[in-house]
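Read through the structure below, which is laid out as C-alpha coordinates, and then see the notes.
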Protein chains: 2
Amino acid sequence: MNANRPSSNRPVYLKLRDQIAAAIIDGVYPEGAMLPSVRALAAEQGANPLTVAKAYQQFQNDGLVEVQRGVGMYVVRGAAERLRSAEREAFLREEWPEIRSRMTRLGLDPANLAVIS
Amino acid sequence: MNANRPSSNRPVYLKLRDQIAAAIIDGVYPEGAMLPSVRALAAEQGANPLTVAKAYQQFQNDGLVEVQRGVGMYVVRGAAERLRSAEREAFLREEWPEIRSRMTRLGLDPANLAVIS
DNA sequence: ATGGCTGTATTATGGCACTGATGCACCTCG
DNA sequence: CGAGGTGCATCAGTGCCATAATACAGCCAT
(Lines give C-alpha, C1' and ligand atoms only; values in the text may rest on other atoms or scores of the structure.)
Protein backbone atom coordinates (compact mmCIF):
# COMPACT_ATOMS: atom_id res chain seq x y z
CA MET A 1 0.00 0.00 0.00
CA ASN A 2 2.96 2.19 0.57
CA ALA A 3 6.13 2.61 -1.44
CA ASN A 4 8.03 4.97 0.75
CA ARG A 5 11.73 4.41 1.33
CA PRO A 6 12.33 0.69 1.44
CA SER A 7 15.97 -0.16 1.22
CA SER A 8 14.91 -2.59 -1.49
CA ASN A 9 14.39 -0.01 -4.26
CA ARG A 10 17.49 1.90 -3.34
CA PRO A 11 20.33 1.97 -5.86
CA VAL A 12 22.80 -0.82 -5.29
CA TYR A 13 25.77 1.50 -5.01
CA LEU A 14 24.10 3.37 -2.16
CA LYS A 15 23.19 0.20 -0.34
CA LEU A 16 26.79 -0.93 -0.67
CA ARG A 17 28.00 2.45 0.51
CA ASP A 18 25.86 2.24 3.65
CA GLN A 19 26.96 -1.28 4.30
CA ILE A 20 30.62 -0.38 3.97
CA ALA A 21 30.22 2.71 6.12
CA ALA A 22 28.62 0.58 8.80
CA ALA A 23 31.49 -1.88 8.59
CA ILE A 24 34.04 0.90 9.03
CA ILE A 25 32.21 2.39 11.98
CA ASP A 26 31.79 -1.00 13.61
CA GLY A 27 35.46 -1.79 13.11
CA VAL A 28 34.91 -4.67 10.70
CA TYR A 29 37.38 -2.85 8.50
CA PRO A 30 39.76 -1.41 11.10
CA GLU A 31 41.77 1.74 10.46
CA GLY A 32 44.83 1.02 8.39
CA ALA A 33 43.31 -2.15 6.99
CA MET A 34 42.73 -2.72 3.30
CA LEU A 35 39.22 -2.78 2.00
CA PRO A 36 38.11 -5.72 -0.11
CA SER A 37 39.02 -5.19 -3.75
CA VAL A 38 36.22 -4.02 -6.02
CA ARG A 39 36.24 -7.35 -7.80
CA ALA A 40 36.25 -9.37 -4.61
CA LEU A 41 33.41 -7.44 -3.02
CA ALA A 42 31.51 -7.47 -6.31
CA ALA A 43 31.77 -11.24 -6.51
CA GLU A 44 30.78 -11.66 -2.89
CA GLN A 45 27.78 -9.37 -3.20
CA GLY A 46 26.75 -10.48 -6.64
CA ALA A 47 27.18 -6.98 -7.99
CA ASN A 48 29.15 -5.37 -10.77
CA PRO A 49 32.71 -4.26 -9.99
CA LEU A 50 31.89 -0.82 -11.33
CA THR A 51 28.98 -0.50 -8.97
CA VAL A 52 31.25 -1.33 -6.07
CA ALA A 53 33.81 1.17 -7.34
CA LYS A 54 31.11 3.80 -7.40
CA ALA A 55 30.32 3.02 -3.79
CA TYR A 56 33.99 3.28 -2.84
CA GLN A 57 34.32 6.55 -4.76
CA GLN A 58 32.51 8.60 -2.17
CA PHE A 59 34.82 7.47 0.60
CA GLN A 60 37.93 8.62 -1.20
CA ASN A 61 36.26 11.91 -2.06
CA ASP A 62 35.73 12.40 1.64
CA GLY A 63 39.30 11.38 2.40
CA LEU A 64 38.23 8.45 4.52
CA VAL A 65 40.19 5.91 2.51
CA GLU A 66 43.54 6.19 0.82
CA VAL A 67 44.11 4.77 -2.63
CA GLN A 68 47.35 3.12 -3.60
CA ARG A 69 47.10 2.54 -7.30
CA GLY A 70 47.72 -1.04 -8.23
CA VAL A 71 47.60 -2.05 -4.58
CA GLY A 72 44.31 -1.33 -2.92
CA MET A 73 42.32 1.05 -0.77
CA TYR A 74 43.14 1.52 2.88
CA VAL A 75 41.09 2.90 5.75
CA VAL A 76 42.56 6.17 6.96
CA ARG A 77 43.40 6.81 10.61
CA GLY A 78 40.44 8.33 12.45
CA ALA A 79 38.06 7.37 9.65
CA ALA A 80 35.64 5.53 11.91
CA GLU A 81 35.08 8.40 14.28
CA ARG A 82 34.95 11.01 11.55
CA LEU A 83 32.47 8.90 9.64
CA ARG A 84 30.27 8.35 12.65
CA SER A 85 30.09 11.99 13.64
CA ALA A 86 29.50 13.11 10.05
CA GLU A 87 26.71 10.62 9.58
CA ARG A 88 25.21 11.47 12.91
CA GLU A 89 25.17 15.15 12.10
CA ALA A 90 23.66 14.52 8.67
CA PHE A 91 21.06 12.20 10.11
CA LEU A 92 19.93 14.70 12.70
CA ARG A 93 19.81 17.55 10.23
CA GLU A 94 18.24 15.89 7.20
CA GLU A 95 16.42 12.77 8.20
CA TRP A 96 15.31 12.91 11.80
CA PRO A 97 13.01 15.93 11.49
CA GLU A 98 10.99 14.24 8.76
CA ILE A 99 10.96 10.92 10.57
CA ARG A 100 9.89 12.54 13.79
CA SER A 101 7.04 14.50 12.27
CA ARG A 102 5.90 11.48 10.35
CA MET A 103 5.84 9.33 13.47
CA THR A 104 3.86 11.99 15.26
CA ARG A 105 1.35 12.05 12.45
CA LEU A 106 1.01 8.28 12.62
CA GLY A 107 0.47 8.39 16.35
CA LEU A 108 3.81 6.83 17.23
CA ASP A 109 6.14 7.84 20.03
CA PRO A 110 9.87 7.28 19.54
CA ALA A 111 10.38 7.02 23.29
CA ASN A 112 8.10 4.00 23.54
CA LEU A 113 9.29 2.23 20.41
CA ALA A 114 12.85 2.56 21.56
CA VAL A 115 12.23 -0.17 24.12
CA ILE A 116 10.44 -2.67 21.94
CA SER A 117 12.77 -3.70 19.15
CA MET B 1 28.95 14.07 2.56
CA ASN B 2 25.98 11.84 2.64
CA ALA B 3 23.29 11.20 0.09
CA ASN B 4 20.99 8.95 1.98
CA ARG B 5 17.26 9.44 1.72
CA PRO B 6 16.60 13.12 1.28
CA SER B 7 13.04 13.75 0.22
CA SER B 8 14.58 16.03 -2.38
CA ASN B 9 15.65 13.39 -4.86
CA ARG B 10 12.43 11.48 -4.57
CA PRO B 11 10.18 11.25 -7.62
CA VAL B 12 7.68 14.08 -7.74
CA TYR B 13 4.66 11.82 -7.87
CA LEU B 14 5.75 10.12 -4.65
CA LYS B 15 6.37 13.38 -2.86
CA LEU B 16 2.92 14.54 -3.90
CA ARG B 17 1.46 11.25 -2.75
CA ASP B 18 3.03 11.64 0.69
CA GLN B 19 1.94 15.22 0.94
CA ILE B 20 -1.67 14.35 0.05
CA ALA B 21 -1.69 11.39 2.41
CA ALA B 22 -0.52 13.65 5.22
CA ALA B 23 -3.24 16.15 4.37
CA ILE B 24 -5.90 13.46 4.50
CA ILE B 25 -4.66 12.13 7.83
CA ASP B 26 -4.44 15.61 9.30
CA GLY B 27 -7.92 16.45 8.11
CA VAL B 28 -6.87 19.14 5.69
CA TYR B 29 -8.96 17.21 3.21
CA PRO B 30 -11.76 15.98 5.47
CA GLU B 31 -13.71 12.85 4.69
CA GLY B 32 -16.35 13.53 2.08
CA ALA B 33 -14.49 16.56 0.80
CA MET B 34 -13.31 16.92 -2.74
CA LEU B 35 -9.63 16.80 -3.49
CA PRO B 36 -8.11 19.59 -5.57
CA SER B 37 -8.46 18.86 -9.28
CA VAL B 38 -5.43 17.47 -10.99
CA ARG B 39 -5.05 20.65 -12.97
CA ALA B 40 -5.46 22.90 -9.96
CA LEU B 41 -2.96 21.02 -7.82
CA ALA B 42 -0.58 20.79 -10.74
CA ALA B 43 -0.67 24.54 -11.24
CA GLU B 44 -0.27 25.19 -7.53
CA GLN B 45 2.66 22.80 -7.21
CA GLY B 46 4.27 23.70 -10.51
CA ALA B 47 3.96 20.12 -11.70
CA ASN B 48 2.41 18.37 -14.63
CA PRO B 49 -1.27 17.37 -14.37
CA LEU B 50 -0.37 13.85 -15.37
CA THR B 51 2.13 13.63 -12.55
CA VAL B 52 -0.56 14.68 -10.10
CA ALA B 53 -2.91 12.13 -11.62
CA LYS B 54 -0.28 9.48 -11.03
CA ALA B 55 -0.10 10.48 -7.40
CA TYR B 56 -3.90 10.34 -7.07
CA GLN B 57 -3.97 6.99 -8.82
CA GLN B 58 -2.67 5.06 -5.84
CA PHE B 59 -5.37 6.39 -3.56
CA GLN B 60 -8.18 5.18 -5.77
CA ASN B 61 -6.48 1.84 -6.17
CA ASP B 62 -6.57 1.54 -2.41
CA GLY B 63 -10.20 2.68 -2.31
CA LEU B 64 -9.42 5.72 -0.20
CA VAL B 65 -10.97 8.18 -2.62
CA GLU B 66 -14.02 7.89 -4.81
CA VAL B 67 -14.03 9.14 -8.35
CA GLN B 68 -17.05 10.84 -9.83
CA ARG B 69 -16.27 11.27 -13.46
CA GLY B 70 -16.76 14.80 -14.59
CA VAL B 71 -17.04 16.00 -11.01
CA GLY B 72 -13.98 15.22 -8.95
CA MET B 73 -12.40 12.90 -6.46
CA TYR B 74 -13.81 12.65 -2.96
CA VAL B 75 -12.28 11.39 0.25
CA VAL B 76 -14.04 8.23 1.34
CA ARG B 77 -15.49 7.81 4.83
CA GLY B 78 -12.94 6.33 7.20
CA ALA B 79 -10.11 7.07 4.81
CA ALA B 80 -8.06 9.03 7.33
CA GLU B 81 -8.05 6.28 9.92
CA ARG B 82 -7.47 3.51 7.40
CA LEU B 83 -4.64 5.46 5.88
CA ARG B 84 -3.02 6.17 9.21
CA SER B 85 -3.12 2.60 10.43
CA ALA B 86 -1.87 1.26 7.12
CA GLU B 87 1.02 3.69 7.04
CA ARG B 88 1.82 3.05 10.65
CA GLU B 89 1.96 -0.67 10.10
CA ALA B 90 4.16 -0.25 7.03
CA PHE B 91 6.45 2.15 8.82
CA LEU B 92 6.98 -0.17 11.76
CA ARG B 93 7.57 -3.16 9.55
CA GLU B 94 9.76 -1.70 6.82
CA GLU B 95 11.39 1.48 8.02
CA TRP B 96 11.69 1.59 11.75
CA PRO B 97 13.98 -1.44 12.17
CA GLU B 98 16.57 0.06 9.84
CA ILE B 99 16.26 3.51 11.38
CA ARG B 100 16.58 2.11 14.86
CA SER B 101 19.70 0.08 14.12
CA ARG B 102 21.26 2.97 12.29
CA MET B 103 20.66 5.33 15.20
CA THR B 104 22.21 2.80 17.54
CA ARG B 105 25.27 2.58 15.36
CA LEU B 106 25.57 6.37 15.33
CA GLY B 107 25.29 6.50 19.09
CA LEU B 108 21.83 8.08 19.13
CA ASP B 109 18.95 7.23 21.41
CA PRO B 110 15.39 7.74 20.12
CA ALA B 111 14.10 8.24 23.65
CA ASN B 112 16.32 11.27 24.17
CA LEU B 113 15.82 12.82 20.78
CA ALA B 114 12.09 12.54 21.18
CA VAL B 115 12.17 15.41 23.62
CA ILE B 116 14.42 17.77 21.71
CA SER B 117 12.70 18.64 18.47
C1' DA C 1 -27.96 22.98 -25.21
C1' DT C 2 -23.58 24.88 -24.37
C1' DG C 3 -19.47 26.35 -22.11
C1' DG C 4 -16.65 25.06 -18.52
C1' DC C 5 -15.28 22.21 -15.27
C1' DT C 6 -14.01 17.36 -13.89
C1' DG C 7 -10.80 12.75 -14.65
C1' DT C 8 -8.50 9.83 -18.22
C1' DA C 9 -6.20 7.72 -22.42
C1' DT C 10 -2.89 8.11 -25.95
C1' DT C 11 1.53 8.92 -27.86
C1' DA C 12 5.99 10.97 -28.07
C1' DT C 13 10.11 12.93 -26.23
C1' DG C 14 14.03 14.33 -23.36
C1' DG C 15 16.71 13.57 -19.42
C1' DC C 16 18.94 11.10 -16.02
C1' DA C 17 20.37 7.37 -12.95
C1' DC C 18 21.78 2.74 -12.72
C1' DT C 19 24.04 -1.12 -14.49
C1' DG C 20 27.06 -3.52 -17.40
C1' DA C 21 31.27 -5.21 -20.57
C1' DT C 22 35.80 -4.23 -22.06
C1' DG C 23 40.26 -2.55 -21.86
C1' DC C 24 44.04 0.15 -19.87
C1' DA C 25 47.43 1.95 -16.29
C1' DC C 26 49.59 0.85 -12.21
C1' DC C 27 51.93 -1.86 -8.56
C1' DT C 28 54.00 -6.11 -6.28
C1' DC C 29 56.14 -10.37 -6.11
C1' DG C 30 58.60 -14.25 -7.81
C1' DC D 1 60.71 -9.37 -17.05
C1' DG D 2 56.11 -11.28 -16.63
C1' DA D 3 51.98 -12.91 -14.24
C1' DG D 4 48.37 -11.56 -11.44
C1' DG D 5 46.58 -8.51 -8.45
C1' DT D 6 45.02 -3.52 -7.86
C1' DG D 7 41.84 0.89 -9.31
C1' DC D 8 39.86 3.46 -13.10
C1' DA D 9 38.25 5.41 -17.67
C1' DT D 10 35.33 4.86 -21.65
C1' DC D 11 31.36 3.56 -24.08
C1' DA D 12 26.84 1.54 -24.45
C1' DG D 13 22.39 -0.17 -23.00
C1' DT D 14 18.26 0.01 -20.21
C1' DG D 15 14.52 1.68 -17.67
C1' DC D 16 12.15 5.08 -14.91
C1' DC D 17 10.64 9.73 -14.43
C1' DA D 18 8.73 13.86 -15.96
C1' DT D 19 6.91 16.64 -19.40
C1' DA D 20 4.16 17.82 -23.35
C1' DA D 21 0.32 18.15 -26.73
C1' DT D 22 -4.03 16.43 -27.74
C1' DA D 23 -8.18 14.29 -27.49
C1' DC D 24 -11.95 12.07 -25.27
C1' DA D 25 -15.78 11.12 -21.75
C1' DG D 26 -18.62 12.64 -18.19
C1' DC D 27 -21.13 16.09 -15.18
C1' DC D 28 -23.27 20.61 -14.03
C1' DA D 29 -24.87 25.40 -13.82
C1' DT D 30 -26.22 28.98 -16.64
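In what follows, every chain begins at residue 1, and chains take the letters A, B, ... in the order their sequences are listed.
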Q) Rounded to the Å, how far apart are A:Lys15 NZ and C:dA17 C1'? A) 15 Å

Q. Can you tell which of C:dC18, C:dG7, C:dC26 lies closest to the side chain of A:Arg69?
A. C:dC26

Q. Of all residues at least two apart in sequence or in a different chain, which pass the salt bridge (Lys or Arg N to Asp or Glu O under 4.0 Å) check with A:Glu81?
A. A:Arg84

(Q) With a 4.5 Å cut-off on side-chain heavy atoms, are B:Arg100 and B:Thr104 touching? (A) yes

(Q) By the side-chain hydrogen bond (donor to acceptor under 3.5 Å, both in side chains) test, which pairs, at least two apart or in different chains, include something from residues 40-50 of chain A? (A) none

Q: Return the set of residues passing side-chain hydrogen bond (donor to acceptor under 3.5 Å, both in side chains) with A:Glu89 (not counting sequence neighbours), or none when no residue passes.
A: A:Arg93

Q: Apply side-chain contact (heavy atoms from CB on, under 4.5 Å) to A:Ala42 and list each qualifying residue two or more places apart in sequence or on a separate chain.
A: A:Pro49, A:Val52

Q: Kindly state which residues belonging to residues 27-37 of chain A come within less than 4.0 angstrom of DNA chain D, counting heavy atoms of the residue only, listed by number.
A: A:Ser37

Q.
Give me each pair satisfying side-chain hydrogen bond (donor to acceptor under 3.5 Å, both in side chains) with a member in residues 24-39 of chain B, each pair once, sequence neighbours excluded.
A. A:Arg105-B:Asp26

**Q.** Check: D:dG5 base within 3.5 Å donor-acceptor of A:Arg39 side chain
**A.** no

Q: Just jot down the side-chain hydrogen bond (donor to acceptor under 3.5 Å, both in side chains) partners of B:Gln19, sequence neighbours excluded, or say none.
A: none

Q.
Output the rounded distance in Å from CD (B:Glu66) to P (D:dC27).
A. 13 Å

**Q.** Closest-nucleotide 5' rank along DNA chain D - winner of B:Tyr13 and A:Val67
**A.** A:Val67

Q: Round to the nearest Å and state the distance from A:Gln58 atom CD to C:dA17 atom P.
A: 13 Å

Q: Sequence neighbours left out, what passes salt bridge (Lys or Arg N to Asp or Glu O under 4.0 Å) with B:Arg77? Give chain and number order.
A: none

Q: Determine whether A:Leu35 and A:Leu41 make a side-chain contact, defined as any pair of heavy atoms from C-beta on separated by less than 4.5 Å.
A: no

Q.
Just the rounded figure in Å: distance from P of D:dC8 to CD of A:Gln57.
A. 6 Å

Q: Indicate, with a heavy-atom threshold strictly under 4.0 Å, whether A:Gln60 touches base, sugar-phosphate, or nothing.
A: sugar-phosphate

Q) Taking only residues two or more places apart in sequence, or in another chain, which ones meet A:Gln60 in a side-chain contact (heavy atoms from CB on, under 4.5 Å)? A) A:Gln57, A:Val65, A:Val67, A:Met73

**Q.** Remaining members of hydrophobic cluster (4.5 Å side-chain criterion), A:Met34
**A.** A:Val71, A:Tyr74

Q | Any residue of residues 44-55 of chain B with a heavy atom less than 4.0 Å from an atom of DNA chain D | A | B:Asn48, B:Leu50, B:Thr51, B:Lys54

Q) Which part of the nucleic acid does B:Tyr56 contact within heavy-atom distance under 4.0 Å: base, sugar-phosphate only, or nothing? A) nothing

Check: protein-nucleotides 28-30 of chain C nitrogen or oxygen pairs below 3.5 Å:
none

Q: To the nearest Å, give me how far apart CG (B:Asn9) and P (C:dC18) are.
A: 9 Å

Q: Could you check how far OH of B:Tyr74 sits from P of C:dC5, rounded to whole Å?
A: 15 Å

